[in-house]
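Notes to accompany the following structure.
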Amino acid sequence: MKKIDFNFRDIAEFANDVIIVTKSFPLDPPGPEIVYVNKAFTELTGYTEAEILGKNPRILQSEKTDKNTTQIIRQGLENKAPVRVTIRNFSKIGKEYWLDLSILPLKDPDGKVTHFVAIERDVTEQKNIERELEILSKTDSLTGLLNRRAFDSILKDERNQFKQTQNGYSLLMLDIDHFKAINDTYGHTIGDEAIQSFAKVCSSELRAKDKMARVGGEEFCVLLPSTDIEKAYSIAENLRKKVSNTSLKSKNKKISLTVSIGVSEAEYADNCHTDILKRVDKNLYQAKKTGRNKVCLEHSVMF
């Protein structure tokens, strides 16, 4: 068989994937020491070869790098076994990038592991698409608020936490009054603008910890963590007043908005996170039934 003569270093140098070689010992700082990087590495990270040789790969990580991932890498290095993970790293100027990272042990002629080679493929674009799709799956496209599915998950988690910690919470359910008439009279474009304006007004009045979602056409829910019924009523009443001062213009005509709001507080006897939803929906119905532009609690209507 004819002997093939080529230089593996040339292959690594011009590969599209990032290649890093480190010594296998020591693993703790200042090790594992980087002894080789290829051109793809310098282009991706912004570090020159002179800047990176002698350093260790932790220079590419930050507090935002997942600790479980780095622990998996550490275990693989200790066991001198192959490792494959997806990891978030950072360039010289702090720009985030994601890698599909494979680490392999390199052995000398005696079978001793002397180095590790990391072969890294940039998957940042794929990660960004995944992140965007995840956000879209949880977000209402018209308002940018949480959608019903995402809100249901958050409410379920809040209820489970309440069972463990007794840290109470309340819920608001809001419905824009006479919204069908707005749509029928002015058209869906103005209707959409009304919903967007309503969402913006309410969001600006809520606390950072509160979670608001659009759960129906003109129906919204607000989760108020660590909030009793009295405070929840105060927040709801403030929202009602703010919305009543909101108006839109269509063909030089002002369109006023009002809102009906149901309020309920979590109860330890609730068997499921949907129990509070049933109560707050009942209270919203009561607010609408008794004239709208009102806030309704259990067994009472306040306006």
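- Residues satisfying the side chain to side chain donor-acceptor pair (under 3.5 Å) criterion with Asp140, sequence neighbours excluded, are Thr143, Arg214.
- Neither Leu101 nor Val21 shares a network with the other; the hydrophobic side chains, linked directly or stepwise wherever heavy atoms of I, L, V, M, F, W or Y lie under 4.5 Å apart, form separate groups for each.
- Of all heavy-atom pairs between Ile261 and Ala287, the closest is O-CB, 3.9 Å.
- Put simply, the side chain of Leu277 reaches to within 4.5 Å of the side chain of Leu171, judged on heavy atoms.
- In this structure a side-chain-to-backbone donor-acceptor pair under 3.5 Å is present from Asp122 to Thr124.
- Neither Tyr285 nor Met173 shares a network with the other; the hydrophobic side chains, linked directly or stepwise wherever heavy atoms of I, L, V, M, F, W or Y lie under 4.5 Å apart, form separate groups for each.
- Here the side chains of Val259 and Leu239 are not in contact, with every heavy-atom distance at 4.5 Å or above.
- In this structure, a donor-acceptor pair under 3.5 Å is absent between the side chains of Gln61 and Asn89.
- Counting only residues at least two apart or on different chains, no salt bridge (Lys or Arg N to Asp or Glu O under 4.0 Å) pair has a member in residues 148-163.
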Please step through salt bridge (charged side-chain N to carboxylate O under 4.0 Å, His left out) for the pair Arg279 and Glu267, ending with a clear verdict.
CA-CA 11 Å; Arg279 289 196 304 274; Glu267 298 177 2; 3.7 Å; yes
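- Hydrophobic clustering, with ILVMFWY side chains joined whenever heavy atoms are under 4.5 angstrom apart, keeps Leu77 apart from Phe25.
- Counting heavy atoms from C-beta outward, Ser260 and Arg292 have side chains that approach closer than 4.5 Å.
- None of Lys209, Arg207, Glu265 except one satisfies the side-chain hydrogen bond (donor to acceptor under 3.5 Å, both in side chains) rule with Thr227; the exception is Arg207.
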Under the side-chain contact (heavy atoms from CB on, under 4.5 Å) rule, what do Leu223 and Asp210 come out as? Steps first, then yes or no, please.
CA-CA 6 Å; Leu223 171 64; Asp210 300 331; over 6 Å; no
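- A heavy-atom distance below 4.5 Å is not found between the side chains of Val117 and Ile20.
- Remark: Trp98 CH2 to Asn128 CG distance equals 9.5 Å, nearest 0.5 Å.
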As a quick check of understanding, evaluate side-chain contact (heavy atoms from CB on, under 4.5 Å) for Leu53 and Glu33, giving each step before the final call.
CA-CA 7 Å; Leu53 294 183; Glu33 180 185 346; over 6 Å; no
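- Under a 3.5 Å cut-off, the side chain of Asn38 and the backbone N or O of Ile19 do form a donor-acceptor pair.
- No option in Asp177, Thr246, Ile176 other than Asp177 meets the side-chain contact (heavy atoms from CB on, under 4.5 Å) test with Thr258.
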Give the C-alpha distance, both sets of side-chain angles, the deciding distance and a yes or no for ring-ring contact (aromatic ring centres under 6.0 Å, His included) between Tyr97 and Phe90.
CA-CA 6 Å; Tyr97 62 93; Phe90 297 85; 7.5 Å; no
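- Note that CG of Asn56 is 9.0 Å distant from OG1 of Thr22, once rounded to the nearest 0.5 Å.
- Partners of Asp275 according to the side chain to side chain donor-acceptor pair (under 3.5 Å) rule, which considers only residues two or more places apart in sequence or in another chain, do not exist here.
- Nearest heavy-atom pair across Val243 and Cys202 is CG2-SG, 3.9 Å.
- Nearest heavy-atom pair, Lys67 versus Ser62, reported as atom, atom and distance to 0.1 Å: NZ-O, 4.1 Å.
- Phe220 is connected to Leu248 through a chain of hydrophobic side-chain contacts under 4.5 Å among Ile, Leu, Val, Met, Phe, Trp and Tyr, so both are in one cluster.
- The two residues Ser137 and Asn147 come nearest to each other via the heavy atoms O-ND2, 2.8 Å.
- With hydrogens and angles left out, the side-chain atoms of Tyr36 and Glu13 include a donor and acceptor closer than 3.5 Å.
- Between the NZ atom of Lys278 and the CG atom of Asn283 there is a distance of 14.5 Å, given to the nearest 0.5 Å.
- Interatomic distance, Arg74 CZ to Thr69 OG1, rounded to the nearest 0.5 Å: 15.5 Å.
- At least one donor-acceptor pair under 3.5 Å links the side chain of Ser24 to the backbone N or O of Thr114.
- When every heavy atom of Tyr233 is checked against every heavy atom of Leu297, the shortest pair comes out as CB-CD2, 4.0 Å.
- At distances below 3.5 Å, not a single donor-acceptor pair connects side-chain atoms of Thr139 with backbone N or O atoms of Ser141.
- Proximity of Gln71 to Gln75: side-chain heavy atoms (C-beta onward) are separated by under 4.5 Å at one or more points.
- Counting only residues at least two apart or on different chains, the salt bridge (Lys or Arg N to Asp or Glu O under 4.0 Å) pairs with a member in residues 89-118 are Glu51-Lys92, Arg84-Asp100, Arg88-Glu96, Glu96-Arg131.
- Looking at Pro57 and Ile34, their side chains come closer than 4.5 Å, going by heavy atoms from C-beta outward.
- Judged by distance alone, with hydrogens and angles left aside, the side-chain atoms of Lys138 form no donor-acceptor pair with the main-chain N or O of Glu134 at under 3.5 Å.
- Counting non-hydrogen atoms of neighbouring residues, nucleotides and ligands closer than 6.0 angstrom, the CD atom of Gln166 exceeds 12 such neighbours.
- Side chain of Asn79 to backbone of Ala81: no donor-acceptor contact under 3.5 angstrom is found.
- Around the NZ atom of Lys64, the shell of radius 6.0 Å holds no more than 12 heavy atoms that belong to other residues, nucleotides or ligands.
- Under the 4.5 Å side-chain heavy-atom criterion for Ile, Leu, Val, Met, Phe, Trp and Tyr, Phe179 and Leu174 are members of the same hydrophobic cluster.
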Check step by step if side-chain contact (heavy atoms from CB on, under 4.5 Å) holds for Val83 and Ser102.
CA-CA 6 Å; Val83 180; Ser102 295; over 6 Å; no
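- Distance check, rounded to the nearest 0.5 Å: CD1 of Ile276 to CZ of Phe162 gives 8.5 Å.
- In this structure, CG on Leu172 lies 8.5 Å from SG on Cys221, to the nearest 0.5 angstrom.
- Checked against side chain to side chain donor-acceptor pair (under 3.5 Å), Ser170 has no partners two or more places apart in sequence or in another chain.
- Other residues, nucleotides and ligands contribute only 12 or fewer heavy atoms inside 6.0 Å of the NZ atom of Lys23.
- When side chains are defined from C-beta on, Leu155 does not count as touching Lys211, because their heavy atoms never get closer than 4.5 Å.
- Between Gly31 and Arg58, the shortest heavy-atom distance links the atoms O-NH1, 2.6 Å.
- By the 4.5 Å heavy-atom criterion applied to side chains, Arg240 and Glu237 are counted as neighbours.
- Within 6.0 Å of atom CD in Glu78, more than 12 heavy atoms from other residues, nucleotides or ligands are found, so the atom counts as buried in its surroundings.
- Put simply, the side chain of Asp270 never gets that close to the backbone of Ala266: no donor and acceptor are under 3.5 Å apart.
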With a 3.5 Å cut-off and sequence neighbours excluded, list the donor-acceptor pairs that the side chains of residues 182-200 form with protein atoms.
from: Asp184; atom 1: OD2; to: Lys180; atom 2: NZ; distance (Å): 2.7
from: Thr185; atom 1: OG1; to: Ala181; atom 2: O; distance (Å): 2.7
from: Gln196; atom 1: NE2; to: Leu142; atom 2: O; distance (Å): 3.2

Dump the intermediate steps for side-chain contact (heavy atoms from CB on, under 4.5 Å) on Leu99 and Ile87, then the final yes or no.
CA-CA 5 Å; Leu99 296 170; Ile87 190 170; 4.1 Å; yes
